[in-house]
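Read through the structure below, which is laid out as structure tokens, and then see the notes.
Fair warning: this is a prediction, and the values are worked out from it, not measured in the lab. Residue numbers run from 1 in the order of the sequence given.
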Amino acid sequence: MPIAERDGNRIDGSLSMCGLAQGGIADWNDALNAVFALKTLIAPDADIPLTDLSSPQTAADAAGALSAAVTEAQSTPEGRARIALAAALHNIPVWNSASQTRPAPTDWAAREVNQYSAVLGFLQRTFVRRQDA
């Protein structure tokens with residue numbers, strides 16, 4: 001439930017907008033695709049819900065569980081390759097923040113570390129925002 005509906009006494013008005021060319025539903029489905037890919041590649045047997053997140057806490061718990069699995073995967077070459085693949089499927093670039101050092105074209109390790117960092121942030125935002133929407 002959006003904040004304007006959930007906490008109406010705090011909001012004087014709201015306007016539903018989506019600046020994305022593909023629309024809100026397609027955008028959330030795209031985010032779900034990336035989360036599904038991560039879970040399938042990194043934690044296929046884990047009981048981490050990706051849909052029907054009944055509360056903000058359920059969403060935060062799911063994000064935390066998948067983030068922990070991604071962090072564990074980061075410690076192995078296979079896990080890093082899977083993180084990079086999932087990041088590529090969601091078009092997460094290898095240099096995605098002004099706070100990161102731009103990696104050299106062949107510095108594969110630095111490129112993956114940047115994607116790993118972006119994936120962790122993406123997971124925290126995606127679960128909670130999808131549940132709220």
Side-chain angles (χ1 to χ4, degrees):
M1 177 183 309
I3 191 170
E5 294 175 24
R6 185 177 58 235
D7 297 316
N9 59 329
R10 295 175 46 206
I11 306 294
D12 290 328
S14 69
L15 177 63
S16 177
M17 297 179 66
C18 182
L20 303 167
Q22 63 188 6
I25 292 172
D27 184 55
W28 288 122
N29 285 343
D30 185 48
L32 179 59
N33 290 341
V35 171
F36 177 81
L38 277 167
K39 182 181 179 301
T40 300
L41 292 167
I42 307 254
D45 298 325
D47 185 22
I48 302 171
L50 304 182
T51 60
D52 298 322
L53 303 165
S54 60
S55 70
Q57 188 59 55
T58 302
D61 291 346
L66 191 51
S67 293
V70 168
T71 296
E72 183 177 334
Q74 181 67 9
S75 68
T76 68
E78 295 85 0
R80 289 189 295 275
R82 290 177 177 144
I83 293 167
L85 175 58
L89 289 172
H90 195 58
N91 293 318
I92 293 175
V94 297
W95 182 49
N96 49 67
S97 171
S99 66
Q100 296 172 333
T101 301
R102 186 175 193 160
T106 57
D107 189 349
W108 310 117
R111 290 168 163 254
E112 190 280 331
V113 166
N114 286 351
Q115 287 181 314
Y116 163 72
S117 173
V119 163
L120 289 181
F122 167 78
L123 287 175
Q124 295 306 314
R125 292 184 308 275
T126 299
F127 274 94
V128 173
R129 289 179 182 167
R130 282 188 70 248
Q131 190 282 324
D132 193 40

Between Val94 and Leu85, is there shared hydrophobic-cluster membership here, with clusters defined by ILVMFWY side-chain heavy atoms closer than 4.5 Å? no
Can you establish whether the number of heavy atoms outside Gln100 located under 6.0 Å from its atom CD is more than 12? yes
Any link between Val113 and Leu41 through a network of hydrophobic side chains (Ile, Leu, Val, Met, Phe, Trp, Tyr) touching at under 4.5 Å? no
Nearest heavy-atom contact between Ser75 and Arg80 is C-NH1, 3.5 Å
A side-chain contact here means heavy atoms from C-beta on lying under 4.5 Å apart; do Asn33 and Leu89 qualify? no
Does some side-chain heavy atom of Arg111 sit less than 4.5 Å from a side-chain heavy atom of Pro105? yes
When rounded to the nearest 0.5 angstrom, what is the spacing between CZ in Arg125 and CG in Leu120? 10.0 Å
Of all heavy-atom pairs linking Thr126 and Ala31, the shortest is CG2-CB, 3.7 Å
Which pair of heavy atoms, one from Ala63 and one from Gln124, lies closest together, and at what distance? O-NE2, 3.7 Å
Val128 reachable from Leu66 in the ILVMFWY side-chain graph, under 4.5 Å edges: no
Look at the side-chain heavy atoms of Ile, Leu, Val, Met, Phe, Trp and Tyr, link any pair under 4.5 Å apart, and say whether Val35 and Leu53 land in one connected group. yes
Phe122 and Trp95: same hydrophobic cluster, using ILVMFWY side-chain contacts below 4.5 Å? no
Please check: side-chain N/O of Gln115 versus main-chain N/O of Ile83, any donor-acceptor pairing under 3.5 Å? no
What's the shortest heavy-atom distance between Ala62 and Ile48, and which atoms? O-CG2, 3.7 Å
Non-hydrogen atoms of Phe127 and Pro49 that approach each other most closely: CE2-O, 3.4 Å
Can you name the one residue among Asn114, Thr71, Ile92 that meets side chain to side chain contact (heavy atoms under 4.5 Å, CB included) with Val119? Ile92
Rounded distance (nearest 0.5 Å) linking atom CG of Leu50 with atom OG1 of Thr40: 7.5 Å
